[in-house]
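Okay, structure first, notes after.
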Amino acid sequence: MKTNIELVDSPHGEITVYTLVNANGGIVKLSSLGAGILSIVVPDRDGRMADVALGYGNPVDYFYDGPCAGKVPGRYANRIARGHLEIDGKVYQLNINNGPNALHGGPENFAQKIWDCEMAGDSVVFSLESPDGDEHYPGNINARVEYTWTDDNVLKIALGAVSDSKTVVNLTNHCYFNLAGEDSGSVLDHVLQLNCSRWLPTDDTLIPTGEIAPVEGTPMDFLTAKPLGRDIKQDFPALKYGKGYDNCWMIDDADGENVRLCATLSDPRTGRVLNVLTNQPAVQVYTGNWLDGCPESKSGKNYHDYDGVAIECQGAPDAPNHPGFPSQFLDSDGEYRRVIFFEFTTK
């Protein structure tokens, strides 16, 4: 593995950018800002290389970007209704930053922080200390994200956290993919398959109702692979609320321990395929419905709505307020440990 390290000045402190090049010329760029992914360069079926991760030309532009491109949000990825969090009878009011709800941990969440970083063998390790009361969450948290880029074009992400008191944790990576290349326009012709027979209906603010519903007979059914755009304009409440897909599916047979294939995304034009594997209980699929207006891209263009799709393996949104959902509580003697593998291949 070839490695290059670059330091970038910003108004908020020095950002460290790592470039990892595997034995086959595949490239991953990572940033200490938000423990984020800046680039993933992989071949198509004819061996042509392209960057398949949406991102910005200036590493500083990742601060406070609306899409949260490539970064690790926290303490709680996705939404918590009205910022209401109750732990052992004590109520915490979290900061509101998404309509009436708390999103991704609040306005000053983990994605806006410059993480400590170091190389550990061929891996890059990012760590962050979040003090008790940060965005009104309880407990002193130490979070850790480790990236490993293999010669087989698999980007392995290990997410971890410990706390000195009971709290909630939900971490993911928020990379947007366009397998035709980040400057190639809409992904609605990409084909997606989900190993998920159930999904979470929501209200119009994208907070789950508590129901875990079958996908059968709805536009949420990706058990058989289909283009992202096939049903996206259907007259269906979930698609109206988010102007496209911005929904959570429960992964079949997830047990919190074993790594399972949850999603396969493919681009018919280039033959690139992304397999997503995880031990997380759920996956949020977001078709980039509000990408217009984000910072200038790395190719010097402006991204538009639906130019990328995020496949975010995570715990369920608002799980602390829904006892029927897999728990995202973390005890003081426990450890949060989750993995996500982005496996790139061709067909």
Side-chain angles (χ1 to χ4, degrees), residues 10-16 30-37 62-66 68-88 90-98 101-118 120 123-147 157-175 280 284 312-321 326-340:
S10 87
H12 304 281
E14 192 172 67
I15 301 168
T16 305
L30 306 168
S31 172
S32 61
L33 171 52
I37 298 170
Y62 288 82
F63 280 110
Y64 302 102
D65 67 314
C68 193
K71 299 185 291 182
V72 174
R75 293 182 188 188
Y76 203 95
N78 217 312
R79 295 167 177 85
I80 292 183
R82 301 176 303 282
H84 176 90
L85 175 64
E86 184 173 341
I87 299 178
D88 293 339
K90 184 173 181 179
V91 174
Y92 300 86
Q93 179 56 54
L94 309 175
N95 286 330
I96 302 300
N97 63 328
N98 182 247
N101 304 314
L103 175 65
H104 291 329
E108 298 291 336
N109 73 79
F110 290 3
Q112 319 309 341
K113 309 293 187 184
I114 297 176
W115 296 49
D116 293 330
C117 53
E118 62 179 353
S123 300
V124 180
V125 177
F126 298 102
S127 58
L128 182 70
E129 293 184 2
S130 174
D132 178 57
D134 189 7
E135 292 290 329
H136 303 300
Y137 284 86
N140 293 291
I141 284 276
N142 187 288
R144 186 177 188 271
V145 181
E146 179 176 346
Y147 290 95
I157 309 173
L159 305 163
V162 293
S163 176
D164 64 357
S165 62
K166 190 172 182 179
T167 189
V168 293
V169 175
N170 186 23
L171 302 179
T172 190
N173 180 276
H174 209 295
C175 191
Q280 296 267 32
Q284 184 90 5
E312 310 159 50
C313 302
Q314 58 183 254
D318 203 33
N321 294 313
S327 175
Q328 296 300 130
F329 290 105
L330 175 64
D331 291 321
S332 59
D333 59 351
E335 183 178 2
Y336 175 92
R337 296 174 63 187
R338 299 288 186 268
V339 297
I340 303 168

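Applying the side chain to side chain contact (heavy atoms under 4.5 Å, CB included) test to Gln93 and every residue at least two apart in sequence or in another chain returns Ile96. When the side-chain hydrogen bond (donor to acceptor under 3.5 Å, both in side chains) test is applied to Asn170, no partner is found at least two apart in sequence or on another chain. Taking Phe63 as the reference, His12 meet the ring pair (Phe, Tyr, Trp, His ring centres under 6.0 Å) condition, with sequence neighbours excluded. For Tyr137, the ring pair (Phe, Tyr, Trp, His ring centres under 6.0 Å) test picks out no residue, with sequence neighbours left out. Every residue meeting the side chain to side chain contact (heavy atoms under 4.5 Å, CB included) condition with Leu103, not counting sequence neighbours, appears here in chain and number order: Arg79, Asn97, Asn98. Here Lys113 pairs with Glu108, Trp115, Leu128 under the side chain to side chain contact (heavy atoms under 4.5 Å, CB included) rule; sequence neighbours left out. Residues satisfying the side chain to side chain contact (heavy atoms under 4.5 Å, CB included) test with Glu312, not counting sequence neighbours, are His104, Thr172, His174, Gln284, Tyr286, Ala310, Gln314. For Tyr92, the side-chain hydrogen bond (donor to acceptor under 3.5 Å, both in side chains) test picks out no residue, with sequence neighbours left out. Taking His84 as the reference, nothing meets the side-chain hydrogen bond (donor to acceptor under 3.5 Å, both in side chains) condition, with sequence neighbours excluded.
Lys71 places a side-chain N or O within donor-acceptor distance of the main-chain N or O of Tyr62, the cut-off being under 3.5 Å. When atom types are taken as modelled, the side chain of Asn140 and the backbone of Asp164 share no donor-acceptor pair closer than 3.5 angstrom.
Residue Ile157 forms a side chain to side chain contact (heavy atoms under 4.5 Å, CB included) with just one option from Val339, Leu171, Val145, and that option is Val145.
Side-chain contact between Phe126 and Leu30: present, with at least one pair of heavy atoms (C-beta onward) separated by less than 4.5 Å. Between Asn173 and Tyr147, the closest side-chain pair of non-hydrogen atoms falls below 4.5 Å. Looking at Leu33 and Ser10, their side chains never come closer than 4.5 Å, going by heavy atoms from C-beta outward.
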Donor-acceptor contacts, no H, no angles, side chain residues 326-334, under 3.5 Å, sequence neighbours left out:
unit_1 : atom_1 : unit_2 : atom_2 : d
Ser327 : OG     : Phe329 : N      : 3.1
Gln328 : NE2    : Val169 : O      : 2.9

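The salt bridge (charged side-chain N to carboxylate O under 4.0 Å, His left out) analysis of residues 130-147, with sequence neighbours excluded, yields the pairs Arg144-Glu146.
Summarising the geometry, atom SG belonging to Cys68 is positioned 6.5 Å from atom CD belonging to Gln112; distances are rounded to the nearest 0.5 Å.
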